[in-house]
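Here the structure comes first, spelled out in structure tokens, and everything after it is commentary.
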Amino acid sequence: MSAPLFLVEALPTGDTLTLDGPEGHHAATVQRLRVGEELLLADGRGGTAAAVVTAVGRGTLDLRVTTRGYADACVPRLVVVQGIAKGDRGELAVQAMTEVGVDEIVPWAASRSVVQWRGDRGVRAREKWAATAREAAKQARRPWLPVVAGSPDESTGTVTRRIAGAAAAFVLHEEAEERLTTAELPSTGEIVLVVGPEGGIAEAELTAFTDAGAHPVRLGPSVLRTSTAGVAALSVLSTRLSRW
């Protein structure tokens with residue numbers, strides 16, 4: 001089994017450090033790491049450090065750094081505009097998309113989103129998405145932590161402008177004729193992928209996105225849930241871009 005990964009604000013500059021706070025508690029109390037075991041530290045921005053446990057305290061670990069590394073950010077960058085979904089479907093989508101390599105998730109207040117993020121509720125919901133992405137990145141041993149955009153969400157107008165500035169943009173749509181498996185992909189820049197909410201993408205939204213340069217595409221004959229469509233599309237893109 002690979003060494004567990006823990007996220008820190010900054011990697012140590014010296015050869016030793018004490019891992020405390022929530023990550024230290026998780027490592028020492030939940031995972032029960034012991035002296036001599038190895039772990040990975042990551043700053044969420046590509047930097048990593050391998051370390052070995054030298055002492056265990058109450059919710060803390062003393063560590064000795066053994067190696068350091070850096071992983072370049074992947075290009076092109078994969079951005080998923082995720083229509084806000086009801087219940088835990090949005091969080092399920094965030095978790096799975098993080099595990100398969102999404103670089104940024106944009107919560108989108110689509111016209112057919114059953115749930116609307118407003119006021120404090122919206123702030124808490126976005127924070128939950130960010131926390132979900134953080135835990136999924138640790139599980140997947142990712143040195144880069146996905147960005148969760150929005151304050152707390154993004155409007156259709158903002159998404160349209162994002163599409164206009166992208167190297168390529170695709171809208172998952174069940175009536176599209178073009179397949180994502182054969183769509184032309186750029187080698188650099190940003191690929192924006194739009195996933196609608198449970199009720200689908202409204203005609204006016206689809207028109208705005210296509211006018212901005214997006215291409216409607218489909219994955220196959222099946223109609224996928226909003227919680228699975230993004231991860232399926234990312235799997236296709238990751239394969240075609242040789243990330244996998």
Side-chain angles (χ1 to χ4, degrees), residues 1-75 77-80 82 88 90-105 107 123-150 152 227-228 230-231 234-235 237-239 241-244:
M1 181 180 293
S2 59
L5 183 144
F6 299 91
L7 288 167
V8 293
E9 288 298 321
L11 293 172
T13 56
D15 294 333
T16 62
L17 78 152
T18 298
L19 184 65
D20 54 14
E23 295 291 80
H25 170 77
H26 189 250
T29 307
V30 179
Q31 293 206 359
R32 297 181 178 274
L33 295 183
R34 295 295 178 253
V35 172
E37 293 191 274
E38 296 181 344
L39 56 79
L40 291 173
L41 302 173
D43 60 9
R45 299 176 297 278
T48 60
V52 63
V53 179
T54 57
V56 180
R58 187 179 180 87
T60 65
L61 295 179
D62 290 339
L63 306 174
R64 174 173 54 84
V65 175
T66 56
T67 61
R68 301 174 186 274
Y70 180 81
D72 291 327
C74 292
V75 289
R77 197 163 177 267
L78 299 180
V79 178
V80 175
Q82 176 68 51
D88 63 353
E91 291 154 39
L92 290 172
V94 169
Q95 179 184 34
M97 291 190 297
T98 299
E99 290 176 1
V100 299
V102 71
D103 297 304
E104 183 174 352
I105 301 168
V123 172
R124 289 194 299 270
R126 182 198 171 277
E127 288 175 348
K128 200 164 186 179
W129 278 29
T132 299
R134 180 183 177 88
E135 292 306 309
K138 290 168 58 178
Q139 172 67 33
R141 316 296 199 265
R142 288 190 58 180
W144 282 90
L145 181 64
V147 175
V148 177
S227 56
T228 56
V231 68
L234 285 169
S235 299
L237 293 175
S238 294
T239 302
L241 294 169
S242 297
R243 286 192 175 196
W244 288 8

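FYI, side chains are in, hydrogens and waters are out, and symmetry mates aren't considered; it's all heavy atoms of this structure.
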Check your understanding: Taking the side chain as C-beta and beyond, is there a heavy-atom pair between L40 and T48 under 4.5 Å?
Key -> no

Review point. For the atom pair CD (E99) and OG (S235), what is the distance rounded to the nearest 0.5 Å?
Key: 11.0 Å

Check your understanding: Quick one: are V147 and R77 in side-chain contact, heavy atoms under 4.5 Å?
Key -> yes

**Study point:** Rounded distance (nearest 0.5 Å) linking atom CD of E104 with atom CG of L145
**Key:** 11.5 Å

**Study point:** L63/V53 under side chain to side chain contact (heavy atoms under 4.5 Å, CB included): CA gap, chis, key distance, verdict
**Key:** CA-CA 5 Å; L63 306 174; V53 179; 3.8 Å; yes

Review point. Donor-acceptor pair, E37 side chain versus R34 backbone, under 3.5 Å?
Key: yes

Practice item. Could you tell me whether a side-chain N or O of R243 sits under 3.5 Å from a main-chain N or O of L241, the two making a donor and an acceptor? Key: no

Exercise for review: Quick one: do H25 and V30 satisfy side chain to side chain contact (heavy atoms under 4.5 Å, CB included)? Show the steps, please.
Suggested key: CA-CA 7 Å; H25 170 77; V30 179; 4.2 Å; yes

Review point. Ion pair present between E127 and R124, side-chain N to carboxylate O less than 4.0 angstrom?
Key: no

Check your understanding: Hey, is CZ on R32 packed in by over 12 heavy atoms from elsewhere, all under 6.0 Å?
Key -> no

Practice item. Begin with the C-alpha distance, continue with both residues' side-chain angles, and end with the deciding distance and a verdict on side chain to side chain contact (heavy atoms under 4.5 Å, CB included) for L33 and V56. Key: CA-CA 8 Å; L33 295 183; V56 180; over 6 Å; no

Practice item. Measure the shortest side-chain to side-chain distance between D62 and T16 over non-hydrogen atoms and say whether it is less than 4.5 angstrom. Key: no

Check your understanding: Taking D15 for the side chain and V65 for the main chain, is one N or O donor matched with an acceptor at less than 3.5 Å?
Key -> no

Review point. Has the side chain of R126 got a donor or acceptor atom that lies under 3.5 Å from a matching backbone atom of V148?
Key: yes

Review point. When you measure from the side chain of R142 to the backbone N and O of T98, does any donor-acceptor pair fall under 3.5 Å?
Key: yes

Practice item. Report yes if some heavy atom in the side chain of E23 is under 4.5 Å from a heavy atom in the side chain of L7; otherwise report no. Key: yes

